[in-house]
Amino acid sequence: MLRSTLLYFSRQSWLRHWIETSSVSRRLTSRFIAGRTLEDGIRVAGQLAKDRIFATLDFLGENVTSLDEALRSRDSYLEALEAIEQHSLGATVSVKLTQLGLNLSEEACLNNVSALVERAVATDSRIEVDMESSAYTDRTLRLVTELHTRFGGHVRAVIQAYLRRSEEDIRRLSAAGIAVRLCKGAYREPSGVAFQIKADVDRNYLKLMKLLLEGGVYPAIASHDEVILRECARYVRASGIEPDSFEFQMLYGIRRDLQKELTSDGFRLRSYVPYGDAWYPYFMRRLAERPANLLFIAKNVLRG
Ligand SMILES: Cc1cc2nc3c(=O)[nH]c(=O)nc-3n(C[C@H](O)[C@H](O)[C@H](O)COP(=O)(O)OP(=O)(O)OC[C@H]3O[C@@H](n4cnc5c(N)ncnc54)[C@H](O)[C@@H]3O)c2cc1C
């Protein structure tokens, strides 16, 4: 109930405008968001690198309403790739296709994201294409496949374990040699397309995770679920899978204890580091995942 309410509020533009411009917003968000600028993102990525954690930088934004706005997002990501190279961070960037114009023109979006992959090839980085709601799954996978064919890698797709179609998608992507990040899924989806019960999502996650570890291309296991992480560690050890043939991924600021544990155990870890002004929908999805975060945020604000 609280989760649905938070997801409902995540789509309300009046609340978004009020809260994004409010003076308390910095205190609200600092746990989960690096800051408002690319410099903030790079600073946090540098701090993480000292702890042997890689970063994937996310310039916050989704669903742009003009192609000019989509071009500005592309340019922000080009700057991010440049800064990553300058600072030798070994980081990637994570993009949302609706931020690069997918809703306005699939062709323009492909051109925008092609420019990014081209730069990623030149700087030995990677473009990780986040997955949005199921309305975008087909188009997103189509574009990622096209990019992979054009550039011979340097791109990663995201698959959501809550979607019933995901096993088929993973088999197809792996056969084509396309890298995959596996996550549970963060959007509200109807029961026809997505498992609704956590136990079913978790079961499917474990099944898909093993499929990727056995036959995928440098998969990313993206989760904070202790049961999943421990099963992954147990499985790779038991199967003799090399620890550098995959990576774990977690969101910046979440389960820092587990992040430390994984790197101490010799696993590769990448932290998803968001920065930028348009933080509201991202932030609200994190609250919806764990409404107990509301308490944590309230304490931060009261502390001043
Ligand atoms: C690197 C990365 C990239 C992602 N990319 C996408 C994407 O492209 N598309 C998409 O739909 N989703 C994406 N997600 C979000 C994902 O789908 C889940 O919504 C989110 O990760 C929560 O699922 P979980 O696996 O952590 O498990 P859950 O079962 O939700 O949580 C397990 C445990 O993790 C901790 N936890 C989880 N979330 C939080 C939180 N917000 N705050 C504090 N503790 C928390 C809690 O201890 C919780 O008990 C991504 C997640 C990660 C880590």
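Source: prediction; values computed, not measured. Order of appearance sets the numbers: ligands from 1, and atoms from 1 within every ligand. Position 1 is the first residue of the sequence, and the numbers go up from there.
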Worksheet entry | Aromatic contact, Y252 with Y272 (centres under 6.0 Å) | no
Item to complete: Answer yes when R255 and E226 have at least one side-chain N-carboxylate O distance shorter than 4.0 Å, and no when they do not.
Response: yes
Fill in: Neighbour list for ligand 1 [protein residues, heavy atom under 4.0 Å]
D130, M131, V158, Q160, R181, C183, K184, G185, A186, Y187, K198, A222, S223, H224, D225, Q249, M250, L251, I254, R255, Y272, R286, E289, R290, N293
Worksheet item: How about F195 and Y162: are their ring centroids closer than 6.0 Å?
Response: no
Worksheet item: Between E289 and R286, is there a salt bridge with N-O shorter than 4.0 Å?
Response: yes
Worksheet item: Should R256 and E261 count as an ion pair when the cut-off is N to O under 4.0 Å?
Response: no
Practice prompt. Could you pull out all residues at least two apart from L206 that satisfy side chain to side chain contact (heavy atoms under 4.5 Å, CB included)?
Written response: M209, I228, E231
